[in-house]
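Residue numbers begin at 1 in each chain, while the letters A, B, ... track the order of the sequences.
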Number of protein chains: 2
Amino acid sequence: MNRFLSHATNRIDAKGRVSVPSPFRAVLAALDIRELYCFQDFLYPAISAGGPELLERFEKQIAEADPFSPEANEMSLLIHGGGVFMKLDAEGRLTVTDFIRDFTGITDEVTFVGRADHFQLWSPTAFIETQEAARCARRLRGLAAP
Amino acid sequence: MNRFLSHATNRIDAKGRVSVPSPFRAVLAALDIRELYCFQDFLYPAISAGGPELLERFEKQIAEADPFSPEANEMSLLIHGGGVFMKLDAEGRLTVTDFIRDFTGITDEVTFVGRADHFQLWSPTAFIETQEAARCARRLRGLAAP
DNA sequence: TTGACGCCCATATGGTCCCATGGTATCCCA
DNA sequence: TGGGATACCATGGGACCATATGGGCGTCAA
């Protein structure tokens with residue numbers, strides 16, 4: 001099962017570091033991902049993180065469009081200007097930079113959320129609220145759980 | 001990963017200088033770029049900066065079109081009239097000239113934004129607004145995160 | 001002369017590397 | 001089955017180093 005599943009909340013220490021949950025690190029190791037491509041999610045106030053092939057997939061999308069089109073420019077602004085490579089330290093932690101804080105509203109705790117081929121960093125409160133809102137929307141549309 | 005990624009905001013000092021973020025300087029060194037070609041971006045209120053081959057690429061584009069066409073004329077007006085070469089000082093800083101200030105609205109802080117093969121100088125507020133607008137446009141077009 | 005720009009050095013902050021600790025779940029053996 | 005030992009994991013902190021930033025001169029040109 002080499003995919004990111006479940007969610008967990010960890011504390012940020014005085015130096016601004018937070019441990020990536022061990023199950024996620026196991027998936028990273030299994031997929032041989034040594035450097036994380038992190039970008040500001042297009043939809044939610046969350047940072048999405050995955051392997052470098054995530055970025056390559058985006059860049060392919062740009063290359064297929066006209067490179068000088070406003071759409072391509074817009075896309076690059078998001079995935080290049082809004083993305084960064086990060087590395088975990090020896091203990092499997094990553095530092096929560098202003099790049100992450102400003103976009104997510106994270107202050108002293110991080111909720112890690114599995115999303116199959118990538119995972120996300122959320123502010124704990126924002127995650128609960130957004131998840132609840134998503135459940136509501138689904139109910140309203142009459143889509144019950146299986 | 002020799003491309004410009006992420007964004008960071010640095011302060012302009014009393015002499016009008018600002019430090020180029022260290023990751024960007026590392027990319028410049030890796031690509032052996034010693035002189036920066038800076039030009040006013042075609043789309044956004046930002047200054048784009050990259051190696052001299054950026055200018056050469058533009059000039060090639062002009063050469064391929066009819067040199068006397070209105071398009072070629074217009075292009076030259078932008079990339080030659082709106083471009084300039086700049087150098088970093090020993091500490092990796094560049095001076096924010098009126099050329100940059102007038103076009104971008106930068107006053108006391110600069111947001112550096114990576115764009116893969118070049119990077120940009122933005123007014124911090126303008127960058128946040130434009131990026132947010134780009135995300136909105138993407139949502140409206142119905143393109144969700146991966 | 002004065003202001004802009006080059007080159008030099010100083011410094012505090014913040015990030016990185018390394019090692020330590022406490023708590024918890026798991027395992028093993030009596 | 002119970003209790004101790006053990007391995008793993010989240011967390012804490014110290015030392016060191018890179019970086020952003022501030023400022024002093026000297027030079028050159030307006």
Side-chain angles (χ1 to χ4, degrees), chain A residues 1 4-30 34-36 38 47 49 84-103 106-114 119-124 127, chain B residues 1 4-30 33-36 38 47 49 84-102 106-114 119-124 127:
Chain A
M1 285 307 155
F4 300 99
L5 274 184
S6 179
H7 68 265
T9 301
N10 286 342
R11 197 191 332 266
I12 298 176
D13 70 14
K15 289 184 171 186
R17 303 170 298 186
V18 64
S19 293
V20 174
S22 149
F24 287 8
R25 297 206 307 264
V27 177
L28 291 176
R34 295 168 174 275
E35 223 174 7
L36 281 177
C38 307
I47 298 290
V84 67
F85 278 103
M86 300 192 85
K87 280 201 306 187
L88 303 189
D89 68 11
E91 287 76 31
R93 293 177 285 195
L94 56 83
T95 46
V96 183
T97 60
D98 285 341
F99 175 86
I100 296 176
R101 291 182 194 269
D102 294 345
F103 190 74
I106 287 170
T107 55
D108 58 345
E109 282 189 329
V110 180
T111 297
F112 291 84
V113 181
F119 64 87
Q120 294 181 321
L121 280 66
W122 284 75
S123 151
F127 172 63
Chain B
M1 290 306 155
F4 298 99
L5 274 185
S6 182
H7 66 261
T9 301
N10 286 342
R11 199 190 333 266
I12 298 176
D13 69 13
K15 290 182 172 185
R17 303 170 298 185
V18 65
S19 293
V20 174
S22 144
F24 287 8
R25 297 205 307 265
V27 176
L28 291 175
I33 296 175
R34 294 166 175 277
E35 219 174 10
L36 281 176
C38 305
I47 296 292
V84 67
F85 278 104
M86 299 191 86
K87 279 202 306 186
L88 303 189
D89 69 11
E91 285 76 31
R93 292 178 284 197
L94 57 82
T95 45
V96 182
T97 60
D98 285 342
F99 171 83
I100 296 176
R101 291 181 194 268
D102 293 344
I106 287 169
T107 55
D108 59 343
E109 282 189 328
V110 179
T111 297
F112 291 85
V113 180
F119 64 87
Q120 294 181 321
L121 280 66
W122 284 74
S123 151
F127 172 64

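- The ring pair (Phe, Tyr, Trp, His ring centres under 6.0 Å) test applied to Phe112(A) returns no partner, not counting sequence neighbours.
- With sequence neighbours excluded, no residue forms a salt bridge (Lys or Arg N to Asp or Glu O under 4.0 Å) with Glu109(A).
- In this structure Arg11(B) satisfies the salt bridge (Lys or Arg N to Asp or Glu O under 4.0 Å) test with no other residue, sequence neighbours excluded.
- Applying the salt bridge (Lys or Arg N to Asp or Glu O under 4.0 Å) rule to Arg34(A) yields the partners Asp32(A); only residues at least two apart in sequence or on another chain are considered.
- Here Asp13(B) pairs with Arg17(B) under the side chain to side chain donor-acceptor pair (under 3.5 Å) rule; sequence neighbours left out.
- Taking atom CD of residue Glu35(B) and atom P of nucleotide dG6(C), one finds them 12 Å apart after rounding to whole Å.
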Footprint string (nucleotides 14-25 of chain C, 5' to 3'): B base within contact, S backbone only, - free, heavy atoms under 4.0 Å: --BBBB------
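- Residues that satisfy the side chain to side chain contact (heavy atoms under 4.5 Å, CB included) test with Val84(A), not counting sequence neighbours, are Cys38(A), Met86(A), Phe99(A), Ser6(B).
- Of the residues in residues 4-13 of chain B, none lies under 4.0 Å from DNA chain C by heavy-atom distance.
- Phosphate contact (OP1/OP2 of dC9(D), side-chain N/O of Ser22(A), threshold under 4.0 Å): present.
- Remark: Asp89(A) engages Arg93(A) in a side chain to side chain donor-acceptor pair (under 3.5 Å) (not counting sequence neighbours).
- For the side chain to side chain contact (heavy atoms under 4.5 Å, CB included) with Phe119(B), the lone residue among Leu36(B), Val27(B), Val113(B) that qualifies is Leu36(B).
- Atoms CZ (Arg101(B)) and C1' (dA4(C)) sit 13 Å apart, rounded to a whole Å.
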